[in-house]
S.K.: 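This is the structure I have questions about; it appears just below.
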Amino acid sequence: MGGAAIGIDVGGTKIAGGVVDEHGRVITRQQVASPTGDADEIVTAILEVIGRLETDGKALPVGVGAAGLIDLDGQVRYAPNLAWRDVPLRVLLERSLGRAVAVENDGNAATWAEFLVGGAIDARKSAVMLTLGTGVGGGLVLEGRLLRGAHGLGAELGHLVIAEGGRPCNCGNLGCLEAYASGTAIGRLAVEWRERGDVPVGSPLDADGVGGPAVTQAAAEGDPTANAVLAEIGRWLGVGMASIANAVDPEIIVVGGGASAAGEPLLGPAREAMAARLMGAAYRQQPGVRRAELGADAGLVGAALLARPETAGVQPPQ
């Protein structure tokens with residue numbers, strides 16, 4: 001698949017970068033804190049990470065993934081956790097570096113990495129990724145191509161409405177998948193159960209400020225209430241998966257993000273809920289559902305792969 005490239009993953013707290021080889025392996029790494037309050041400072045920090053990675057003076061292809069709405073021109077129209085509003089990120093980076101830069105939504109970048117070198121590597125032409133963290137991100141690969149939409153703003157899978165008039169979402173709508181199946185939603189549901197008296201005294205969930213990681217840990221240790229919380233979240237996740245599968249018929253759905261560490265207590269109920277809602281479930285091939293494999297590296301690996309001509313959003317020849 002050609003030579004190495006630099007991938008940058010811009011998050012709300014840190015900017016992580018790495019030199020990635022043709023097999024998707026991270027060779028070297030650098031990281032700085034995200035200066036979230038100033039758009040120009042974020043660009044400067046990205047350039048600093050790139051400079052640290054190019055220690056031998058050799059200019060490598062560069063790809064950048066960031067959370068938010070990023071159009072086909074590489075303009076960050078809106079980033080929820082960064083001071084970016086209509087920032088021409090690609091233009092700014094290319095002017096500074098003197099070469100082309102790939103700029104992509106982080107969910108799309110992570111999906112591309114999982115499709116080419118991660119959890120969906122055995123998919124022939126199609127895959128979906130859902131990342132469960134503070135929110136729910138994701139991406140779609142169809143016919144061997146990363147699906148971006150007419151303006152580059154597609155595949156915001158966390159904002160599929162699965163419960164009309166339901167829970168409020170940070171995007172301003174009601175009933176989004178993100179409001180029901182994110183890592184944040186896991187902790188929130190545990191708190192709600194405790195407040196209404198459904199958490200037994202002595203359970204690890206019977207504590208103030210329980211979050212998603214604590215629920216996942218308690219489930220791994222066999223706590224039945226924690227497993228029940230994960231099962232409910234998993235069922236909502238499966239509702240969203242069914243809508244996606246009915247729409248695009250993917251071969252594989254990979255689930256990443258911090259909440260995916262819950263594993264089968266989350267994914268088992270998700271598979272069941274999806275199967276119950278698939279049109280003609282008994283007469284079709286259902287998509288496989290599995291955990292993502294690249295972890296926190298998925299975004300920067302995908303950004304690097306998108307920067308290389310051989311893998312720039314189109315599946316290379318098999």
Side-chain angles (χ1 to χ4, degrees), residues 12 66-71 76-82 84-85 105-108 110-111 128-140 147-199 205 209-213 215-216 228-248 250 253 255-260 262 266-267 269-279 289:
L69 296 176
I70 300 177
D71 66 20
V76 185
R77 296 191 179 185
Y78 168 74
N81 299 309
L82 297 167
W84 275 344
R85 302 294 185 271
N105 169 269
D106 62 344
N108 288 346
T111 301
V128 170
M129 183 173 185
L130 291 166
T131 57
L132 314 183
T134 303
V136 174
L140 297 166
L147 183 69
R148 296 180 171 96
H151 307 98
L153 310 179
E156 288 291 342
L157 303 178
H159 301 288
L160 292 172
V161 175
I162 60 170
E164 183 66 26
R167 293 180 179 272
C169 180
N170 287 335
C171 74
N173 287 331
L174 299 175
C176 293
L177 178 61
E178 179 171 301
Y180 287 84
S182 62
T184 303
I186 294 173
R188 183 173 57 234
L189 186 61
V191 170
E192 289 177 359
W193 282 23
R194 183 186 183 219
E195 289 176 346
R196 73 187 190 200
D198 289 341
V199 174
L205 275 58
V210 171
V215 176
T216 297
V229 168
L230 290 177
E232 180 166 332
I233 296 293
R235 285 189 288 272
W236 283 113
L237 178 61
V239 172
M241 287 178 174
S243 293
I244 296 166
N246 283 331
V248 300
I253 299 174
V255 181
S260 69
L266 178 77
L267 298 184
R271 289 190 195 94
E272 293 175 6
M274 179 185 71
R277 290 162 178 81
L278 280 177
M279 185 186 73
V289 176

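Position 1 is the first residue of the sequence; numbering continues from there. Since the model is a prediction, treat every value here as computed from it, not as a measurement.
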S.K.: For Asn246, check side-chain hydrogen bond (donor to acceptor under 3.5 Å, both in side chains) against everything at least two apart and list the hits.
M.R.: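 With sequence neighbours excluded, Asn246 shows a side-chain hydrogen bond (donor to acceptor under 3.5 Å, both in side chains) to Arg284, given in chain and number order.
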S.K.: If you define the side chain from C-beta out and look only at heavy atoms, does anything of Leu130 sit under 4.5 Å from Met241?
M.R.: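 When only atoms from C-beta onward are counted, Met241 and Leu130 do touch, with a gap below 4.5 Å.
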S.K.: Show, in sequence, the C-alpha distance, side-chain angles and deciding distance for Glu156 and Leu69, and conclude whether the side-chain contact (heavy atoms from CB on, under 4.5 Å) test is met.
M.R.: CA-CA 9 Å; Glu156 288 291 342; Leu69 296 176; 3.9 Å; yes
S.K.: Exactly one of Val255, Val289, Leu147, Leu157 should register a side chain to side chain contact (heavy atoms under 4.5 Å, CB included) with Val128. Which one does?
M.R.: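 Testing Val128 for a side chain to side chain contact (heavy atoms under 4.5 Å, CB included) against Val255, Val289, Leu147, Leu157 leaves exactly one candidate, Leu157.
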S.K.: Test of understanding: with side-chain contact (heavy atoms from CB on, under 4.5 Å), list the residues that count as partners of Ile70, not counting sequence neighbours.
M.R.: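 For Ile70, the residues satisfying side-chain contact (heavy atoms from CB on, under 4.5 Å) (neighbours in sequence not counted) are Ala66, Val76, Val103.
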S.K.: How would you list all residue pairs meeting salt bridge (charged side-chain N to carboxylate O under 4.0 Å, His left out) that involve residues 174-187, not counting sequence neighbours?
M.R.: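 For residues 174-187: none.
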S.K.: Would you please name every residue forming a ring pair (Phe, Tyr, Trp, His ring centres under 6.0 Å) with Trp84, sequence neighbours left out?
M.R.: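 Per chain and number, Trp84 pairs via ring pair (Phe, Tyr, Trp, His ring centres under 6.0 Å) with no residue.
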S.K.: Can you list the residues that meet the side-chain hydrogen bond (donor to acceptor under 3.5 Å, both in side chains) rule with Arg271, with sequence neighbours excluded?
M.R.: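 Expected list: Glu264.
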S.K.: Give the minimum heavy-atom separation between Ala79 and Ala67, together with the two atoms involved.
M.R.: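 Looks like CB-O, 3.5 Å.
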S.K.: Can you name the side-chain contact (heavy atoms from CB on, under 4.5 Å) partners of Thr134, sequence neighbours left out?
M.R.: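 Checked Thr134 against side-chain contact (heavy atoms from CB on, under 4.5 Å); matches are Thr184.
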S.K.: What pairs of residues pass the side chain to side chain donor-acceptor pair (under 3.5 Å) test when at least one of them lies in residues 185-195, not counting sequence neighbours?
M.R.: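 Only Arg167-Glu192, Arg194-Asp206, Arg194-Asp208 qualify under side chain to side chain donor-acceptor pair (under 3.5 Å).
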S.K.: What heavy-atom pair brings Gly158 and Cys176 nearest, and what distance separates the two atoms?
M.R.: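 Shortest heavy-atom contact: O-CB, 3.5 Å.
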S.K.: Nearest heavy-atom pair of Val210 and Val191: which atoms, and what distance?
M.R.: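 Between these two residues, the closest heavy atoms are O-CG2, 3.8 Å.
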S.K.: Restricting to non-hydrogen atoms, name the atom on Ala190 and the atom on Leu205 that form the minimum distance, rounded to 0.1 Å.
M.R.: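 Heavy-atom minimum between the residues: CB-CD2, 3.9 Å.
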S.K.: Report yes if some heavy atom in the side chain of Val136 is under 4.5 Å from a heavy atom in the side chain of Ser182; otherwise report no.
M.R.: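 The answer is yes; the side chains approach within 4.5 Å.
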S.K.: What pairs with Arg77 under salt bridge (charged side-chain N to carboxylate O under 4.0 Å, His left out), at least two apart in sequence or on another chain?
M.R.: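 Partners of Arg77 by the salt bridge (charged side-chain N to carboxylate O under 4.0 Å, His left out) criterion, ordered by chain and then number, come out as Asp71.
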S.K.: Can you name the residues that form a side-chain hydrogen bond (donor to acceptor under 3.5 Å, both in side chains) with Asn105, not counting sequence neighbours?
M.R.: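 So Asn105 forms no side-chain hydrogen bond (donor to acceptor under 3.5 Å, both in side chains) with any residue.
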S.K.: For a 4.5 angstrom cut-off between non-hydrogen side-chain atoms, does Pro168 reach Leu174?
M.R.: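 Side chain of Pro168 against side chain of Leu174, heavy atoms only: contact under 4.5 Å found.
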S.K.: Residues two or more places apart in sequence or in another chain: which of them pass side-chain contact (heavy atoms from CB on, under 4.5 Å) with Thr111?
M.R.: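 Expected list: Met129, Val141.
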S.K.: Do you know the tightest heavy-atom contact between Leu278 and Ala242?
M.R.: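 Smallest interatomic distance, heavy atoms only, reads CD2-O, 4.1 Å.
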S.K.: Would you compute the distance between atom CG of Leu177 and atom SG of Cys169 and round it to the nearest 0.5 angstrom?
M.R.: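 Answer for the CG-SG pair, Leu177 versus Cys169, is 9.0 Å.
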S.K.: Can you give me every donor-acceptor pair (side chain of residues 228-238, partner residue at least two apart or in another chain, under 3.5 Å) with its distance?
M.R.:
none

S.K.: Could you check Leu266 against Leu132 for side-chain contact (heavy atoms from CB on, under 4.5 Å), going step by step and ending with a plain yes or no?
M.R.: CA-CA 11 Å; Leu266 178 77; Leu132 314 183; 3.8 Å; yes
S.K.: Checking Leu160 now: which residues fulfil side-chain contact (heavy atoms from CB on, under 4.5 Å) with it, not counting sequence neighbours?
M.R.: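 Testing Leu160 for side-chain contact (heavy atoms from CB on, under 4.5 Å), a comparison that skips the adjacent residues, returns Ile244.
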